[in-house]
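Here's the structure, in structure tokens; my notes come after.
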Protein chains: 2
Amino acid sequence: MSLLQDLSWRYATKKMNGEKVAQEKVDYILEAVRLAPTSSGLQPFKVIQITDEELKAKIQPIAYGQSQIVDASHLLVFAAYDEYTKERIDAPFAQQEVERGLPKGYADDYKNQLWTSFTQRTREQHFEHAARQAYIGFGVAIAAAAEQRIDATPMEGFVNAQLDELLGLDKLGLKSVTILALGYRDQENDWLANLKKVRFNTEDFIINRN
Amino acid sequence: MSLLQDLSWRYATKKMNGEKVAQEKVDYILEAVRLAPTSSGLQPFKVIQITDEELKAKIQPIAYGQSQIVDASHLLVFAAYDEYTKERIDAPFAQQEVERGLPKGYADDYKNQLWTSFTQRTREQHFEHAARQAYIGFGVAIAAAAEQRIDATPMEGFVNAQLDELLGLDKLGLKSVTILALGYRDQENDWLANLKKVRFNTEDFIINRN
């Protein structure tokens, strides 16, 4: 199967059937997210994996009562750094030094440049930058789920601050940006399951500057 | 090949060899982006495809002289809506009505809700929301390129306003957010080509709330 076939197969599942997804398949999706690229390799986000039924029930009202929250097998909450700090910028480079056997401080100039650049931006701009990186991983997760023939609903419709509080994300310096609900479609009862996928035409979506 | 193998193969190519990528492979990547999901199906971004050598040469200084800009075969510029308008929100629903054979105005309530929600946000917040959607497509494009064994460099390092002006994006109500340079790695001369891919450990990257 190709990625194009996977993307054609998938859709934003509106009704799931409650069936559980094997953990190894979810682990595959999480590994794809971990391998996804991010700006300067900073990986400025985390994924919170939720399977607990009580916790899902608490999240449902925060997500305007959407049924996928409780009918999904797993919820993946993508949560971005609320700001970049010196420590957060240092961490991936320190790991690179060790894993690549590079001399200590090999990337100091680059790191300092990065840090200087971030000091010139607001905390809100830090978060937006981090959130965009999370969305790269989010896109990759959607592709990975489709490849595994696991249904997924990308969900932005929830009260972020309430979810952050429920999950204790503020204490971790994180802010939720999006949720991917994983499960299996309820083909009969999902109004969207049998509708044609609609996208802008290529001629309108792609602009050629050849 | 699996997506995980594709993601392990790829890396942010720092030096490309100038070889051209077959247009049908680039078209495959663009089609993957077109099929990628976006919030409420609004597809609030466009992809500008650039192959012209003179145009690439003009972009290079805007991207701090990075060599991939001119050594790449194709540049894909992801550019998000500078704001949501009533027309931009209406467009995908109008197309759905036709292609799905749904009654005219079937989504009016949902559309009005969306529009009301956007009127409560600033123009900058509109753009940030649109930019995030572009990053889903960006993530999918990176996966699609890797699947095709086409090298790709995700690039945020350029002066956005200058690129917007050069490409006339402001007149289209668009703002550039990121570039994907497509081509083939220069294995011998790319310092990053043979270094280990480094990522945070799964235990640090994934937070379990089971």
Side-chain angles (χ1 to χ4, degrees), chain A residues 2-4 7-8 10-12 28 30-37 39 41 43 46-52 55 79 91-92 95-96 99-100 102 128 131-133 135-140 142-144 147 154 156 167 172 177-178 195-200 202 204-210, chain B residues 2-4 7-8 10-12 28 30-37 39 41 43 46-52 55 79 91-92 95-96 99-100 102 128 131-133 135-140 142-144 147 154 156 167 172 177-178 195-200 202 204-210:
Chain A
S2 73
L3 179 57
L4 278 194
L7 291 171
S8 301
R10 69 154 297 283
Y11 74 109
Y28 180 97
L30 293 170
E31 180 63 1
V33 179
R34 196 179 71 95
L35 290 178
S39 187
Q43 288 187 274
K46 306 281 182 198
V47 179
I48 297 94
Q49 174 176 229
I50 297 167
T51 53
D52 183 69
L55 186 51
Q95 191 176 339
Q96 283 169 30
E99 294 194 25
R100 291 178 175 166
L102 293 168
E128 280 302 338
R132 291 186 189 185
Q133 311 310 315
Y135 269 72
I136 297 177
F138 189 54
V140 167
I142 290 166
E147 186 195 32
E156 283 183 344
L167 299 178
L172 302 172
V177 289
T178 187
L195 287 178
K196 183 181 179 235
K197 185 185 292 301
V198 177
R199 294 290 186 269
F200 289 142
T202 301
D204 298 322
F205 184 61
I206 310 297
I207 299 171
N208 287 301
R209 287 290 153 87
N210 299 323
Chain B
S2 74
L3 179 58
L4 277 195
L7 291 171
S8 301
R10 70 155 296 282
Y11 74 110
Y28 180 97
L30 292 170
E31 180 63 3
V33 179
R34 197 179 72 93
L35 291 177
S39 186
Q43 289 186 277
K46 306 283 182 195
V47 179
I48 298 95
Q49 174 176 230
I50 296 166
T51 54
D52 183 69
L55 187 52
Q95 191 176 340
Q96 283 170 30
E99 293 193 25
R100 290 177 175 167
L102 293 167
E128 281 304 338
R132 291 185 188 184
Q133 311 311 314
Y135 269 72
I136 297 176
F138 190 54
V140 167
I142 289 165
E147 186 195 33
E156 282 183 344
L167 299 177
L172 301 172
V177 289
T178 187
L195 287 178
K196 182 181 180 231
K197 186 186 291 300
V198 177
R199 293 291 187 269
F200 290 142
T202 300
D204 298 321
F205 185 61
I206 309 297
I207 299 170
N208 287 302
R209 288 290 153 86
N210 298 323

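Every chain is numbered from 1 and lettered A, B, ... according to where its sequence line falls, protein lines coming before strand lines. On a predicted model such as this, the values are computed, not experimentally measured, just so you know.
The candidate with the highest count of non-hydrogen atom pairs below 4.5 Å against chain A, out of B:Gly41, B:Ser39, B:Ala12, B:Ser8, is B:Ser39. Options A:Asn208, A:Leu172, A:Leu35 differ in how many heavy-atom pairs under 4.5 Å they form with chain B, and the most are formed by A:Leu35. Comparing A:Ala36, A:Ala143, A:Ala91 by how many heavy-atom pairs each has under 4.5 Å with chain B, the most go to A:Ala36. Interface remark: of the candidates A:Ala79, A:Pro154, A:Gly137, A:Pro92, A:Pro92 forms the most heavy-atom pairs closer than 4.5 Å to chain B. Chain B forms the most heavy-atom pairs under 4.5 Å with one residue out of A:Leu55, A:Asp52, A:Asp204, A:Val140, and that residue is A:Asp52. Contact count versus chain A (heavy atoms, under 4.5 Å) is highest, among B:Lys197, B:Gln95, B:Gln133, for B:Gln95.
Interface residue B:Phe205: backbone and side-chain heavy atoms are both found under 4.5 Å from chain A. With a 4.5 angstrom heavy-atom cutoff, B:Thr178 does not touch chain A via any of its atoms. Proximity to chain A (any heavy atom under 4.5 Å) is restricted, for B:Glu147, to the side chain, taken from C-beta onward. The parts of B:Tyr28 that come within reach of chain A are both its backbone and its side chain, each placing non-hydrogen atoms under 4.5 angstrom from that chain. Proximity to chain A is limited to the side chain of B:Ile142, based on heavy atoms less than 4.5 angstrom apart.
Annotation: salt bridge (charged side-chain N to carboxylate O under 4.0 Å, His left out) contacts of A:Glu156 (sequence neighbours excluded): none. In this structure B:Arg34 satisfies the salt bridge (charged side-chain N to carboxylate O under 4.0 Å, His left out) test together with B:Glu31, sequence neighbours excluded.
Using a 4.0 Å cut-off between charged nitrogen and carboxylate oxygen, B:Glu128 and A:Arg132 count as a salt-bridge pair.
Considering CZ of B:Arg100 and CG of A:Leu195, their distance stands at 5.0 Å, rounded to 0.5 Å. To the nearest 0.5 Å, atom CZ of residue B:Arg199 and atom CD of residue A:Gln96 are 9.0 Å apart. Taken from CD1 in A:Ile48 to CD1 in B:Ile207, the straight-line distance is 4.5 Å, to the nearest 0.5 Å.
Remark: B:Lys46 qualifies as a cation-pi partner of A:Phe200 under the 6.0 Å distance and 45° angle criteria applied to the six-membered ring.
Considering every non-hydrogen atom in both A:Pro37 and A:Ile136, the closest pair reads O-CG2, 3.5 Å.
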